[in-house]
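Below you'll find the structure, written out as structure tokens, and then a few comments.
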Amino acid sequence: MTNKHQKFKMDQTLQRLGISRDNQGGSCGTQFFASGASIGSHSPVDGELIANLTKVSEGDYDKILHQARKASAEFRLLPAPKRGEIIRQLGLKLRQYKDDLGKLVSYEVGKSLQEGWGEVQEMIDICDFAVGLSRQLHGYTMHSERVGHRMYEQYHPLGIVGIISAFNFPVAVWSWNAALALVCGNVTIWKPSEKAPLCALACQNIMAEVLKENQLSEGVCNLVIGGAEIGEKIVNQPEIPLVSFTGSTAVGRQVASKVAARFGRSILELGGNNAIIITENADLDMAIIGAVFGAVGTAGQRCTSTRRLIIHHSIYAQVKEKLVEAYRQLKIGNPLEHQNHMGPLIDVQAVKQYEDAIAQCKNQGGHFIVEGGVLVGEEYKSKCYVKPCIAEVENSYPIVQHETFAPILYLIKYKDMEEAIALQNNVPQGLSSAIMTQNLREAELFLSSAGSDCGIANVNIGTSGAEIGGAFGGEKETGGGRESGSDAWKYYMRRQTTTINYTKDLPLAQGIKFDI
Ligand code: NAD
């Protein structure tokens, strides 16, 4: 596809998603307003300016908060299955916009078009899940110790849920949170990454259509585009009882302490340092595909990207050879073109971090068997394209202990399963982990309480690419949050225990006597 042709097609995509050359970066439903500074969104694919946006100012933020407050008072009264109907309609719209939204994700953040569409599919899946959930917000009932008393638990909406998201899943993370928050009766204020504001605007436009068609209050879903200054307003806002934060551990650490200081709740989805253990009983063809997709998918910019391979010493040389061969076949280029496996990093700052990590790895003793480097030439004019690389390292190197958001894969050798598990666990992060084996004992040990310490532990599947049905999140410096499936919805509601006395007496619990 020529540049001119691609630009024409992207213009049409933007138009269908309601994005013009100049946009307002703050909105309640269909009402747009923003009076802050202007920012441009540039594509890492070709370096072109996609569109300009006006960020929200502090005053705009206050107006949006006011609208959210008003909307919350009404929306929480809507029966949960009716809220589910809103999300059902959102899922239908997303099916309609899947092609365009997937293309915008690919163009604005540089992930492959397949992964862009996959991200929108994940939004559709969570909508379906949330629709069913809207009729299953169950609490327990329990037997009272007192005669003629009934006890039960019920769940109520929290109010306003703040969503702060990272650049690398610019649409899915919003939907994971918004679909659950809304069926639970909350309204939302979303601050997306300033590196992917147009994806957020497109989602807001789609949601606004649904709100309008259902004559719902404008303030049910709100968008605030801005940087850390707006994120901090959400974090410090006592009226926002839950802040769902997805991003780096460094920022998450600050968010966690600020929200906790005001007794708010946070869901923290932070950095990972994910490993696959490849045992001598692995199906090697499967292991190589899982490892390569995990390491180079989204150019190594997934929280679940495979960063470390822990390989049994008896097959180490063979795995190394197969990896080198697989990397030789990788095609790097425009992610909208289907033959390319890997697109660019998000921006030149990310390229700098990649180069620094390679230099540090070499200084610390790492030996590169596939060399990295920045790609140059007309196709790579955005200066964001890099070569995926592989280094042999020790797990204890400081750089290996750190999450570098780039396609750098570390190889580590092990002798027995206990050592493999210790290596896998011996990093500060605890998001995703995997073992490739056809041996039941190895797999079960890995999954046992003496096994992986991560929030996600897979057998014969790589570390990246989770389904929405399970609760998603990780331990240690990954933050401990859970989003998406299973019972993650409970984070978005407040729990109330109720005891009803239907007698004429007032017996006290624990048999305490109090007569007047
Ligand atoms: P980041 O931490 O730089 O930014 C994340 C968000 O926080 C952005 O919206 C940013 O504007 C906002 N922000 C920055 N400073 C803030 C502050 N002081 N107060 C409030 N908000 C603030 O992360 P990023 O570079 O966009 O994303 C990459 C990181 O996100 C990686 O570490 C990755 O592992 C992590 N991530 C984790 C998950 C997960 O589910 N565990 C998913 C996606 C990404």
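We count ligands from 1, going down the list as the structure has it; atoms in each ligand are counted the same way. The shown structure was predicted, so the numbers you read here are calculated from the model rather than taken from an experiment.
Closest to atom 4 (O) of ligand 1 among all protein heavy atoms lies G247 CA, 4.6 Å. Atom 27 (O) of ligand 1 has its closest protein heavy atom at A166 CB, 3.2 Å. Considering only non-hydrogen protein atoms, atom 21 (N) of ligand 1 sits nearest to G231 CA, 3.8 Å. The closest protein non-hydrogen atom to atom 22 (C) of ligand 1 is V251 CG1, 3.7 Å.
Put simply, CG on N274 and SG on C454 are 6.5 Å apart, with the number rounded to the nearest 0.5 Å. Separating the CD1 atom in I240 from the CD1 atom in I234 is a distance of 5.5 Å, to the nearest 0.5 Å.
Per-residue contacts place S193 under 4.0 angstrom from the following atoms of ligand 1 (heavy atoms of the residue considered): 9 (O). Residue S248 has at least one heavy-atom neighbour below 4.0 Å for each of these atoms of ligand 1: 1 (P), 2 (O), 23 (O), 29 (C), 30 (O), 32 (O). Those atoms of ligand 1 with a heavy atom of N168 less than 4.0 angstrom away are 43 (C), 44 (C). Counting the atoms of ligand 1 from 1 in the order shown, those under 4.0 Å from a heavy atom of E232 are 17 (C), 18 (N), 19 (N), 20 (C). Using a 4.0 Å cut-off to heavy atoms of P192, the atoms of ligand 1 that qualify are 9 (O). Shown in contact with Q254 at under 4.0 Å from a heavy atom are these atoms of ligand 1, numbered in order with element: 18 (N).
For ligand 1, none of its N or O atoms has an N or O atom of T246 under 3.5 Å away. At under 3.5 Å, a nitrogen or oxygen of E403, whether backbone or side chain, sits near a nitrogen or oxygen of ligand 1. Taking any N or O of S165, backbone or side chain, at least one lies under 3.5 Å from an N or O belonging to ligand 1. In terms of N/O distances under 3.5 Å, ligand 1 is not approached by L431. For a threshold of 3.5 Å applied to N or O pairs, the pair formed by V235 and ligand 1 contains no separation below that value.
For atom 34 (O) of ligand 1, a protein non-hydrogen atom is found at a distance below 4.0 Å.
Looking at residues two or more places apart in sequence or on another chain, you find a side chain to side chain donor-acceptor pair (under 3.5 Å) between S165 and W190.
Residue K98 places its NZ atom among more than 12 non-hydrogen atoms of other residues, nucleotides or ligands, all under 6.0 Å distant. Within 6.0 Å of atom NZ in K352, 12 or fewer heavy atoms from other residues, nucleotides or ligands are found, so the atom counts as exposed in its surroundings.
Between the side chain of S382 and the backbone N or O of G47, no donor-acceptor pair lies under 3.5 Å.
A donor atom on one side chain and an acceptor atom on the other are not found under 3.5 Å apart for Q401 and S396.
Here the shortest heavy-atom distance to atom 12 (C) of ligand 1, taken over T298, V109, L268, I164, belongs to I164.
Both tests hold for K111 against F169: distance to the six-membered ring centre under 6.0 Å, angle to the ring axis within 45°.
Within the 4.5 Å cutoff, side-chain heavy atoms of Y410 are placed close to those of C361.
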Between side-chain atoms of residues 172-181 and protein atoms elsewhere (two or more places apart, or another chain), which donor-acceptor pairs fall under 3.5 Å?
unit_1: S175; atom_1: OG; unit_2: A172; atom_2: O; d: 2.8
unit_1: W176; atom_1: NE1; unit_2: E122; atom_2: OE2; d: 3.2
unit_1: N177; atom_1: OD1; unit_2: S244; atom_2: OG; d: 2.7
unit_1: N177; atom_1: OD1; unit_2: Y492; atom_2: OH; d: 2.6
unit_1: N177; atom_1: ND2; unit_2: V173; atom_2: O; d: 2.9
unit_1: N177; atom_1: ND2; unit_2: S244; atom_2: OG; d: 3.4
unit_1: N177; atom_1: ND2; unit_2: E483; atom_2: OE2; d: 3.3

